[in-house]
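All chains are named by letter (A, B, ...) in the order of the sequence lines, taking the proteins before the strands, and each is independently numbered beginning at 1.
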2 protein chains.
Amino acid sequence: MARKSSADFPLRLDNQICFAVYSTAHAFNRVYKPLLDKLGLTYPQYLVMLVLWERDGVAVKDIGERLFLDSGTLTPLLKRLEAADLIKRTRSTEDERQVLIALTAKGESLREKARAVPQSILAASACSVGELVTMKNEIVALRDRLNAVLGE
Amino acid sequence: MARKSSADFPLRLDNQICFAVYSTAHAFNRVYKPLLDKLGLTYPQYLVMLVLWERDGVAVKDIGERLFLDSGTLTPLLKRLEAADLIKRTRSTEDERQVLIALTAKGESLREKARAVPQSILAASACSVGELVTMKNEIVALRDRLNAVLGE
DNA sequence: ATAATTTATATTGCGCGCAATCTAATTGCG
DNA sequence: CGCAATTAGATTGCGCGCAATATAAATTAT
């Protein structure tokens with residue numbers, strides 16, 4: 001007789017990968033919090049800044065596609081970043097539906113202070129870079145399969 | 001000369017495991033949504049029900065430890081579950097600080113309808129059970145290391 | 001036993017995250 | 001061209017998630 005595998009208890013909390021992901025996301029958020037507090041950013045705001053540090057002057061839609069967020073989330077978040085003088089929001093003249101997001105000098109310079117963050121996270125993970133990269137790729141592959149189902 | 005690895009671009013969004021986890025958690029949530037709508041539950045409410053279906057009559061604190069959530073999140077959530085007649089909240093007589101959470105008949109019977117959920121999620125993952133279990137264990141190990149850092 | 005400390009839950013406030021709805025601009029189609 | 005359909009962003013409302021604070025009960029120390 002075969003040993004009972006976790007597949008035999010599908011409703012068990014500890015068997016659910018979604019809860020593993022959910023609770024790990026919150027754990028990450030708690031580790032990030034004190035680091036980002038120093039930058040005056042929340043984690044989603046930090047993600048937006050990461051996008052902008054890679055490429056400045058993009059539309060709200062582009063940020064949303066990159067982060068899987070919609071305007072209902074981004075509009076107020078971007079207004080807060082603008083109020084903090086980290087970004088500027090301007091209507092595109094070519095396509096007046098679009099709002100383009102550009103870094104201010106303050107937003108640019110925050111990048112230097114942010115460089116310390118990934119190292120701290122890596123240390124907290126207590127894990128080699130190689131292991132993290134492998135795990136990251138697996139998780140991203142899972143995410144993309146989930147999103148593919150949603151797109152049907 | 002070695003090829004540049006992702007470790008050389010720590011601020012790149014796509015290199016960050018935390019964003020992989022964050023965005024996968026949201027992807028899971030979006031897959032769950034239509035399934036849980038049928039049960040009249042949100043995802044965090046579903047998690048609470050999973051805990052109660054495993055063991056009924058536990059204190060708020062126990063649910064919180066299991067799900068890594070505090071009373072600021074759980075108290076209003078549990079009140080909504082009570083309003084939906086899925087649980088009952090009663091002060092413990094032994095320790096009047098505690099509030100014990102018990103399933104109602106309706107809450108018990110919802111379990112049968114919930115059995116279909118994990119299968120649908122598994123299908124959406126487009127992944128073998130074995131792969132998911134391996135990935136889940138790795139993610140949980142990462143979460144526990146992160147939480148260990150927080151506990152210091 | 002009384003006071004100080006700890007513990008369990010509740011409350012308030014803020015920032016997401018997302019569905020639903022709205023407006024205005026652009027595109028596509030006849 | 002002119003009108004319908006699409007698209008980008010904003011708004012509203014609700015449910016988390018968590019920090020900070022409050023309250024009351026239990027525990028510990030004295």
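Dashed line: the shortest gap from a side-chain N or O of B:K79 to OP1 or OP2 of C:dT11 is under 4.0 Å. For A:Y22, a side-chain nitrogen or oxygen approaches OP1 or OP2 of D:dG17 to under 4.0 Å. The side chain of B:Q98 places no N or O atom within less than 4.0 Å of a non-bridging phosphate oxygen (OP1 or OP2) of D:dA26. Side-chain N/O atoms of B:R89 include none lying less than 4.0 angstrom from OP1 or OP2 on C:dA8. Contact between the side-chain N/O atoms of A:R80 and the OP1/OP2 oxygens of C:dC16 is found at a separation under 4.0 Å.
Along DNA chain C, the nucleotide nearest B:K33 and the nucleotide nearest B:L100 are compared for position; the residue whose nucleotide lies closer to the 5' end is B:L100.
The minimum heavy-atom distance linking B:I139 with A:A20 is given by the pair CG2-O, 3.6 Å.
A distance of 6.0 Å or more separates the ring centres of B:Y43 and B:F28.
Note on A:L74: nothing from the nucleic acid sits closer than 4.0 angstrom, heavy atoms only. Counting non-hydrogen atoms under 4.0 angstrom, B:T73 reaches a base of the nucleic acid. Nucleic acid contact for B:S71: base, since at least one base atom lies under 4.0 Å from a heavy atom of the residue. Counting non-hydrogen atoms under 4.0 angstrom, B:E94 reaches the backbone sugars and phosphates but no base. If you check every strand for non-hydrogen atoms under 4.0 Å, A:D95 touches sugar and phosphate atoms only.
In this pair, B:Y46 and B:Y32 present their aromatic rings tilted. The plane angle is within the 30 to 60° band.
Closest to the side chain of B:T75, from the set C:dT11, D:dA19, C:dC18, is C:dT11. The side chain of A:D70 sits closest to C:dC18 out of C:dC16, C:dC18, D:dG9. Considering only the side chain of B:E96, D:dA25 comes nearest among D:dC18, D:dA25, D:dC16.
If you measure from atom OH of A:Y43 to atom P of D:dC18, you get 14 Å, rounded to the nearest angstrom. If you measure from atom CG of B:L69 to atom P of C:dA10, you get 14 Å, rounded to the nearest angstrom. Taking atom CZ of residue B:F68 and atom C1' of nucleotide D:dA19, one finds them 19 Å apart after rounding to whole Å.
The shortest side-chain heavy-atom distance between B:V48 and B:L74 falls under the 4.5 Å cut-off.
Remark: the A:R97 side chain and the D:dT7 base include a donor-acceptor N/O pair separated by less than 3.5 Å.
Partner A:E82 forms a salt bridge (Lys or Arg N to Asp or Glu O under 4.0 Å) with one of A:K106, A:R89, A:K88 and no other, that one being A:R89.
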